[in-house]
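Read through the structure below, which is laid out as structure tokens, and then see the notes.
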Amino acid sequence: DVIFLTIDTLRADHVGAYGGSSKTPNIDSLAEDGVLFENAWSPISVTGPAFVSLHTGQHPGTHGVVMNIFRGGNALSDASETLAERLKSRGYRNGAFVSGFTLRRELGLNRGFHRYSTPKHNRRGGDKTADMALDWLGLQRGPIFLWYHSYDPHGPLKRWKGVRTDGDWEKYGANLARIPEYQKLSNISDPAFYAQRYAKAVEFADRQVGRIIQSLKDTGRYDESIIVFVSDHGESFTERQMWFDHGTTPYVEQLQVPLIIKYPKGKRAGSRVSADVLLEDVAPTVLDTMRSPKLYNADGESLNSDHVTGRQVLWGESSHCKKSKVLLCSPTGPDGKLFAVRDHAMTVIREPREDGVHTLVIDRRADPKELHPSEDAVAPEALLEQLDAMAESRNAMDLANPDEAELGEAETEALRALGYME
């Protein structure tokens, strides 16, 4: 069996097994039975394109999905093969149970799934999605591919009432402008309030993951399954200009994700891998475990080695430049995308602004949180060329400006509820 357990918008530093502050006993237990990848990276800080990379093994520049489709991005082309399609051809019964509007069928990831369940409105609680996944799981008899997706840590955070708004929180003030409109509650500008609500959401999501793992154990599927636990992207807290949002940058807090792979029969259980690896490596790893060739035109590589060397260079990007008084990027839309290239020593960011393109160089080893660009460091020409190549590739896609997209009333309301529109 192949099991994907995915929690949207999950920072690696909020998972206990990564030394995080949130209580995640079920994820931590899975890490004890599997391999924890300490430095796993998403290629893009937004949901739709990141999950396409997970399911195809392709970089966004290969599969062509570089913004959410309702923002003017492309849907997945028929030319890209998905993991579900490959497993279906091998006789698997495939079920996907997703909790967010961004993963609706129009994206194209429904291909290869016998059951692809999406919320009727903008989102569905992870507990309700888990109920449906468990009902489906109980009816299956042969080999399965189950994809469970929780949207719970994704804003707005207003549903997590365990952290009350009437506490002694800082309100108003200059920092209120840093909180996106969809996240604001009672004009609270105190980042600790939103961080505590986020932690409540993560802990709720962990409990749903635990329910599915327990069902796999109860039905005798757990030991023989390959289970992948991963997120699509992280979330900014107070690291950048905008707080408690994502899609805005390719910095570490938005692109580094938790990745745990539990192999059949406990192979490599309890080990940790420090090498830089990618979401694109997951599908090739699953197929290599099954002794099956990689998906068509996949960029990823199998992680099935006792000595994973990882990537020498990592590419990453934001979704687009959003309308915001606090953001420095310009212009709004895909032409304001930020790009990042990382090697073992440095991170180089390409950020278009009103006064031209800025190139920021950061020492990854001395500044792992990427907070302090160096004024003296010079990026290698090879990395600068890769940044320019990414920008030119996205410009060639002729992407629509999200602010000019023509949307129906229902779609507009769903996006507004999720914070994608104001």
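Numbering starts at 1 and runs along the sequence shown. It should be emphasised that the depicted structure is a prediction, and the values quoted were computed from it without experimental measurement. Both backbone and side-chain heavy atoms feed into the values below; hydrogens, waters and symmetry mates do not.
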Task: Passing candidate, ring pair (Phe, Tyr, Trp, His ring centres under 6.0 Å) with F97, options W136, F4, F145, Y116 - done: W136
- [ ] Check the pair H246, Q254 against side-chain hydrogen bond (donor to acceptor under 3.5 Å, both in side chains), reporting the backbone distance first and the verdict last.
- [x] CA-CA 6 Å; H246 56 269; Q254 292 195 35; over 6 Å; no
TODO: Flag the pair E235 and R11 as a salt bridge only when some basic side-chain nitrogen lies within less than 4.0 angstrom of an acidic carboxylate oxygen.
DONE: no
Task: Considering all heavy atoms, the nearest T249-R240 contact - done: CG2-CG, 4.4 Å
TODO: Measure the shortest side-chain to side-chain distance between T56 and E81 over non-hydrogen atoms and say whether it is less than 4.5 angstrom.
DONE: no
Open item on the list: To the nearest 0.5 Å, what is the distance between CG on N39 and CG on D276?
Closed with: 5.0 Å
TODO: Verify, without hydrogens or angle tests, whether D363 (side chain) and R365 (backbone) share a donor-acceptor contact under 3.5 angstrom.
DONE: yes
Open item on the list: On the six-membered ring of F204, is R207 placed so that its NZ or CZ lies under 6.0 angstrom from the centre and within 45° of the ring axis?
Closed with: no
Open item on the list: Is it true that, when you exclude K217 itself, more than 12 heavy atoms of the residues, nucleotides or ligands shown sit nearer than 6.0 Å to its NZ?
Closed with: yes
TODO: Assess whether side chain to side chain contact (heavy atoms under 4.5 Å, CB included) is satisfied between S274 and E38, documenting all intermediate values.
DONE: CA-CA 5 Å; S274 61; E38 297 173 343; 3.4 Å; yes
Task: Donor-acceptor contact below 3.5 Å, side chain Y148 vs main chain G126 - done: yes
- [ ] Any chance you could lay out the side chain to side chain contact (heavy atoms under 4.5 Å, CB included) test for E351 and F339, step after step, and finish with the verdict?
- [x] CA-CA 7 Å; E351 181 175 10; F339 297 94; over 6 Å; no
Open item on the list: Among residues at least two apart in sequence or on other chains, which ones pass ring-ring contact (aromatic ring centres under 6.0 Å, His included) with Y198?
Closed with: H14, F237
Open item on the list: A side-chain contact here means heavy atoms from C-beta on lying under 4.5 Å apart; do L103 and F51 qualify?
Closed with: yes
- [ ] Let me know which of F193, Y182, Y194 forms a ring pair (Phe, Tyr, Trp, His ring centres under 6.0 Å) with F244.
- [x] Y194
Task: Salt-bridge present (D281, R311; N to O < 4.0 Å) - done: yes
- [ ] Only counting residues at least two apart or in another chain, list the ones meeting side chain to side chain donor-acceptor pair (under 3.5 Å) with S324.
- [x] none
Task: Lys/Arg N to Asp/Glu carboxylate O, E85 vs K88, below 4.0 Å - done: no
Open item on the list: Test of understanding: with ring-ring contact (aromatic ring centres under 6.0 Å, His included), list the residues that count as partners of Y92, not counting sequence neighbours.
Closed with: none
Task: Donor-acceptor pair, side chain of S318 and main chain of P250, under 3.5 angstrom - done: no
Task: Contact summary for L146 and A133, nearest pair of heavy atoms - done: CD1-CB, 4.2 Å
- [ ] Return the minimal non-hydrogen interatomic distance between H320 and P334, and the atom names on each side.
- [x] CB-N, 3.9 Å
Task: Lys/Arg-Asp/Glu bridge criterion (N-O < 4.0 Å) met for R211, D127 - done: no
TODO: Would you verify whether the NZ or CZ of K120 falls within 45 degrees of the ring axis of F101 while also being under 6.0 Å from that six-membered ring's centre?
DONE: no
Open item on the list: Minimum heavy-atom separation for A205 and S150, please, with both atom names.
Closed with: CB-OG, 3.6 Å
